[in-house]
Structures are given as structure tokens and as C-alpha cells.
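As a basis for the values below, the full set of heavy atoms in this structure was taken, side chains included, without hydrogen atoms, waters or symmetry mates. Keep in mind it's a predicted model, so treat the numbers as computed, not measured.
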Amino acid sequence: TYGVPTPPEDPAQEFMTVQETAYVMKCSVSWLRRFLATRPDLHGRNGNRGRIITDREQRTAIHEARSGGDPRAGRTIPRQRRRAAAKPARAAA
């Protein structure tokens, strides 16, 4: 429930939790939390360090940032993965 997207009671409501926002945006809760961690202007908190909430304008901005292409700054293509070093063959005794 904490890390699972949940449908909101009303998809047009003003404020939504991270789980409801992830459901509407069709993304994972963990991705959305990582995304919002670097962009404090795109979310608010309910209470003193309470639940992360988003309003309509913030959800629109999240959608635009997500649809804008590769969000990694300064990198035009994904970094190449390194191949694991080949393990030496075990000598038969």
C-alpha cells in the first residue's frame, strides 16, 4: 500500500498523495519519490514533514518534465554499462 499506486477517489481532485499521483501518471511510486526528491518545487507536504502531496499545477509540471525527453542533465545518451570481467576457468584437478 505504501509503495503501490492507488486510484484516487476523484481523478480531478485538487490534492493527491504520492500513491495517487503515481497511479494517475502511470508510473511507479519509487520513481516518483526519486523524481520529487530532486525537485522540491513540484510537491508539498501535509503537516510538519508529513505526507507528500501534489496539486493540479504540480502534476502538470511533473507530466511536462517527464514528457520532455531525457531528464539527465548534461548527458544526451545513456551511459554504457560495463561488462562483467570474465571469470577464469576453474582447473580440473
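No donor-acceptor distance shorter than 3.5 angstrom exists from the side chain of Arg45 to the backbone of Ile53, with no hydrogens or angles considered. The main-chain N or O of Gly3 is never found under 3.5 Å from a side-chain atom of Arg33 such that the two would form a donor-acceptor pair.
Contact detail for Ala22 and Leu32: the closest heavy-atom pair is N-CD2, 3.7 Å. Taking every heavy atom of both residues into account, Val29 and Pro5 meet most closely at CG2-N, 3.6 Å.
Taking 4.5 Å as the limit, some side-chain heavy atom of Glu20 sits within range of a side-chain heavy atom of Gln13. In this structure, the side chains of Met16 and Glu9 stay at 4.5 Å or more apart for every pair of heavy atoms. In this structure the side chain of Thr6 never reaches within 4.5 angstrom of the side chain of Tyr23, judged on heavy atoms.
To the nearest 0.5 Å, the span separating OG1 on Thr54 from NE2 on His43 amounts to 10.0 Å. In this structure, CD1 in Ile62 is found 9.5 Å from CZ in Arg39, a value given to the nearest 0.5 Å. Within the model, atoms OG1 of Thr21 and CG of Leu36 stand 8.0 Å from one another, a figure rounded to the nearest 0.5 Å. The distance from the CZ atom of Arg59 to the CD atom of Glu14 is 7.0 Å, given to the nearest 0.5 Å. Note that CZ of Arg66 and CH2 of Trp31 are 5.0 Å apart. Values are rounded to the nearest 0.5 Å. Rounding to the nearest 0.5 angstrom, the gap separating the CG atom in Leu42 from the CZ atom in Phe35 is 6.0 Å.
No more than 12 heavy atoms of other residues, nucleotides or ligands sit less than 6.0 Å from atom CD of Glu57.
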